[in-house]
Amino acid sequence: MKNTFYITTPIYYPSGKFHIGTAYCEVLTDAIKRYKKSRGYDTFMLTGLDEHGQKVEKVAEKKGLKPQEHVDEMADSAKKLWKLMNIDYDKFIRTTDEYHCKAVQKIVEKFLENGDIYKGKYEGWYCMPCENYFTETQLVDGKCPDCGREVIKMSEDAYFFNMKKYEQWLKDFYAENPDFIVPQSRKNEIFKNFIEPGLEDLCISRNTFDWGIPMPNDPEHVLYVWLDALTNYITALGYGSDDDTLFNKYWPADLHVVGKEIIRFHGIYWPIFLHALGLELPKQIYAHSWVVMKDGKMSKSVGNVIYPEVLIERYGVDATKYYLLRMMSFAQDSMFTPEDFVERFNSDLANDLGNLLNRTIGMMNKYFDGIIPTNSTAKTEFDDSLEQFVKQQITKIEECMDTYHVSNSLVELWAIISRANKYIDETAPWVLAKSEDESDKEKLKSVMFHLAETMRKIAILLTPFMPKTAEEILKQLNIPFSDKKWDLVYCDDFIAEGTKVIEKGQPLFVRLDKDEEIEYIKSSMK
Ligand code: MSP
């Protein structure tokens, strides 16, 4: 069985500072990667920048920089942000990297040899910000169907990729692989809008600007940004270069994580390009939805943009990650509100999780001088019921993560945290501690043992989403940390005899002043 897991993010346009929408995409991919890694897969996560195209050229010009200088700056700041966000990527590709440019030219040569590309004239409605042509029928109220902005009629000599040639193949492929795109609703959309009406050939070159990879046979033309961009998923692994070791090991990709508006490119053109190259197709594409604001999409002109640094610097990286992963539903756009952020921070993190650890450490010190008791024979029905509940939740979490329902997996994980808090109330260790009865003393040992084990399991389960918090919990419990060992959640008696927890527990998350913080977040929107 293939034990590798290759996962990719989209490569982002370096046209401006990344907001929490972009950050969500990265954090989501990171969480899935970390989950697979902890389950023992040999993982590889790719991210990077999509640096060519007219839009990038224009942004650089505005800043008085050469395009290369601009993208160099942007690549540095993207890497800095992903470091701050503790993203565990394995490779950062830039489409201006020489190896990528050369590989893309080889790919185009292959298409030319196969007769997949022809020269023609392109006329259509062009959306400058999206760098995308649309046919008359694709426009919505005469505007760009993707971003709603003005389009202009353009005509130019251009090279085309013969998509029509592969239309039937694509339909057959989807008939055999109905789950290639998840959620289904996204697949249905591209079927209805682009596949069923019949594929249009794709214009793959431009001669109206220079910032791109030249067509190998006709350097007057530079490659359309999407052919350049999509192929990053294979060139990053060395396809088309001298060393294709990674490619042989990791391709086909297990999962491309992309935003819903770029599913057309990934669900139509990308499979066709790969098929035309005689390569295997990725296993699955997950088209996630958008982080939206009360007043719609985040936009600088509306002044409702939230940057991840604002949240991270004040509330910490794990709280920011938790919120993004928890608030975003699997298939629907989800709304970021400062009120909801503060509410979740206080209730889920400070109260539920933070208090559970605090109570566990506090009672361990109070009743057993900090030493976690070994499994007692005086197991009660509460202990059994807690153990059973945790088992059942672990299965649910795994099911959710295996189908990329990340938010739901956090819901299932928080059910364990609530259950453990309830367990403390049910067993009332403070009553058992006061009792003179020997059997109550044994029961108390059992309760504290079960609490420590549950807390340990929670830490492991948290690892893909909040790795630093997971580490901190285990540090306070004085249990060795390893992010690769998901399997340790199946063990009910793991903690070494004589393990002594920290003397004075540190709060994981300090409760926020609601009004003050809501105001703070609101005032930091730009
Ligand atoms: N460069 C292309 C992708 C090429 S992949 C071969 C691109 N770049 S982008 O910078 O415009 O967008 C990158 C990703 O960020 C997209 O998947 C997009 O959906 C995501 N997001 C941008 N704004 C977003 C939100 N508000 N919410 C969630 N994701 C969002 O498209």
Side-chain angles (χ1 to χ4, degrees), residues 322 343-394 396-397 410-462 466 469-470 472-479 488-489 491-495 497 499-511:
Y322 171 75
E343 169 64 26
R344 284 215 172 276
F345 185 101
N346 280 344
S347 68
D348 300 3
L349 300 180
N351 279 6
D352 296 348
L353 177 62
N355 278 347
L356 180 64
L357 179 69
N358 228 4
R359 291 165 99 188
T360 307
I361 300 273
M363 292 191 289
M364 207 68 82
N365 277 303
K366 196 161 171 196
Y367 306 137
F368 295 105
D369 291 328
I371 296 178
I372 302 174
T374 47
N375 202 359
S376 157
T377 45
K379 214 173 171 194
T380 68
E381 62 191 283
F382 296 122
D383 305 341
D384 278 333
S385 135
L386 176 70
E387 256 176 26
Q388 285 315 313
F389 184 80
V390 174
K391 275 204 178 76
Q392 160 205 315
Q393 289 308 105
I394 291 170
K396 285 190 188 170
I397 294 168
L410 285 171
V411 174
E412 304 299 353
L413 171 48
W414 250 256
I416 300 181
I417 297 171
S418 302
R419 181 69 190 82
N421 271 316
K422 189 171 150 220
Y423 169 80
I424 299 181
D425 300 334
E426 285 170 345
T427 54
W430 48 91
V431 176
L432 296 173
K434 275 195 199 128
S435 163
E436 294 295 314
D437 197 331
E438 261 319 297
S439 74
D440 281 343
K441 292 217 168 356
E442 283 303 307
K443 274 188 195 161
L444 180 62
K445 277 190 191 164
S446 184
V447 169
M448 293 314 297
F449 166 81
H450 279 91
L451 264 181
E453 278 294 348
T454 305
M455 204 67 240
R456 178 186 68 81
K457 290 177 193 170
I458 290 170
I460 295 172
L461 297 171
L462 275 172
M466 305 172 76
T469 306
E472 179 58 26
I473 294 172
L474 292 176
K475 205 169 110 202
Q476 296 200 23
L477 292 170
N478 198 13
I479 295 172
L488 293 177
V489 289
C491 176
D492 290 325
D493 190 354
F494 175 82
I495 300 172
E497 202 175 328
T499 299
K500 190 173 190 306
V501 304
I502 195 170
E503 249 169 64
K504 182 117 189 53
Q506 301 296 312
L508 292 174
F509 301 96
V510 179
R511 254 189 96 79

Open item on the list: Testing the basics here: between Ala459 and Ala470, what is the closest heavy-atom pair and its distance to 0.1 Å?
Closed with: O-CB, 3.1 Å
Task: Asp352 side chain to Ile417 backbone, donor-acceptor under 3.5 Å - done: no
Task: Residue pairs fulfilling salt bridge (charged side-chain N to carboxylate O under 4.0 Å, His left out) with at least one residue in residues 371-382, sequence neighbours excluded - done: Lys379-Asp384, Lys379-Glu387
TODO: Mind checking the NZ-CZ spacing from Lys443 to Phe382? Nearest 0.5 Å is all I need.
DONE: 9.0 Å
Task: Any residue meeting side-chain contact (heavy atoms from CB on, under 4.5 Å) with Phe509, in chain and number order, not counting sequence neighbours - done: Ala319, Phe345, Leu349, Ala350, Leu353, Met466, Thr469
Task: Contact summary for Tyr367 and Ala433, nearest pair of heavy atoms - done: CE2-CB, 3.5 Å
Open item on the list: So which atom in Asn365 and which in Ile502 form the shortest heavy-atom distance, rounded to 0.1 Å?
Closed with: ND2-O, 2.9 Å
Open item on the list: Tyr423: which residues meet the ring-ring contact (aromatic ring centres under 6.0 Å, His included) condition with it, sequence neighbours left out?
Closed with: none
Task: Leu477 to Ala452 - nearest heavy-atom pair and separation - done: CD1-O, 4.2 Å
Open item on the list: So, using salt bridge (charged side-chain N to carboxylate O under 4.0 Å, His left out) as the criterion, who are the partners of Lys445 when residues are at least two apart?
Closed with: Glu442
Open item on the list: Going by salt bridge (charged side-chain N to carboxylate O under 4.0 Å, His left out), name the residues that satisfy it together with Asp348, two or more places apart in sequence or in a different chain.
Closed with: Arg344
Open item on the list: Would the distance check show the side chain of Asn375 and the main-chain N or O of Asp493 forming a donor-acceptor pair, the cut-off being under 3.5 Å?
Closed with: no
- [ ] Output all residues satisfying side-chain contact (heavy atoms from CB on, under 4.5 Å) with Ser435, sequence neighbours left out; order by chain, then residue number.
- [x] Asp437, Asp440
TODO: Sequence neighbours left out, what passes salt bridge (charged side-chain N to carboxylate O under 4.0 Å, His left out) with Asp492? Give chain and number order.
DONE: Lys391, Lys457
Open item on the list: The criterion is salt bridge (charged side-chain N to carboxylate O under 4.0 Å, His left out); which residues satisfy it with Lys441, sequence neighbours excluded?
Closed with: none
Task: Side chain to side chain, Leu356 and Leu451, heavy atoms closer than 4.5 Å - done: yes
Task: Any donor-acceptor N or O pair under 3.5 Å, side chains Thr380, Asp383 - done: yes
Task: Inter-residue atom distance Arg511.CZ - Asn355.CG, 0.5 Å rounding - done: 9.0 Å
Task: Any side-chain heavy-atom pair of Phe494 and Ile479 under 4.5 Å - done: yes
Open item on the list: Donor-acceptor pair, distance only, cut-off 3.5 Å: does the side chain of Asn358 make one with the backbone of Gly354?
Closed with: no
Open item on the list: I'd like to check the side-chain hydrogen bond (donor to acceptor under 3.5 Å, both in side chains) partners of Asp369; sequence neighbours left out, ordered by chain and number.
Closed with: none
- [ ] Write out all pairs satisfying salt bridge (charged side-chain N to carboxylate O under 4.0 Å, His left out) with one or both partners inside residues 411-428, taking only residues at least two apart or from two chains.
- [x] Arg359-Asp425, Arg419-Glu426, Lys422-Glu426
- [ ] Show the numbers, then the answer: is there a side-chain contact (heavy atoms from CB on, under 4.5 Å) between Leu508 and Leu357?
- [x] CA-CA 8 Å; Leu508 292 174; Leu357 179 69; 3.8 Å; yes
- [ ] Among residues two or more places apart or on two chains, list those pairs meeting ring pair (Phe, Tyr, Trp, His ring centres under 6.0 Å) that have a residue in residues 430-454.
- [x] none
Task: Shortest non-hydrogen contact from Gln476 toward Gly505 - done: OE1-CA, 3.4 Å
- [ ] Working to the nearest 0.5 Å, report the span between CD1 of Ile424 and CG of Leu386.
- [x] 10.0 Å
Open item on the list: Tell me the closest heavy-atom pair linking Lys504 and Gln506, and the distance in Å.
Closed with: O-NE2, 3.4 Å
Open item on the list: Between Val501 and Ile372, is there a side-chain heavy-atom distance shorter than 4.5 Å?
Closed with: yes
Open item on the list: If the condition is side-chain hydrogen bond (donor to acceptor under 3.5 Å, both in side chains), which residues does Arg456 pass it with, not counting sequence neighbours?
Closed with: Glu453
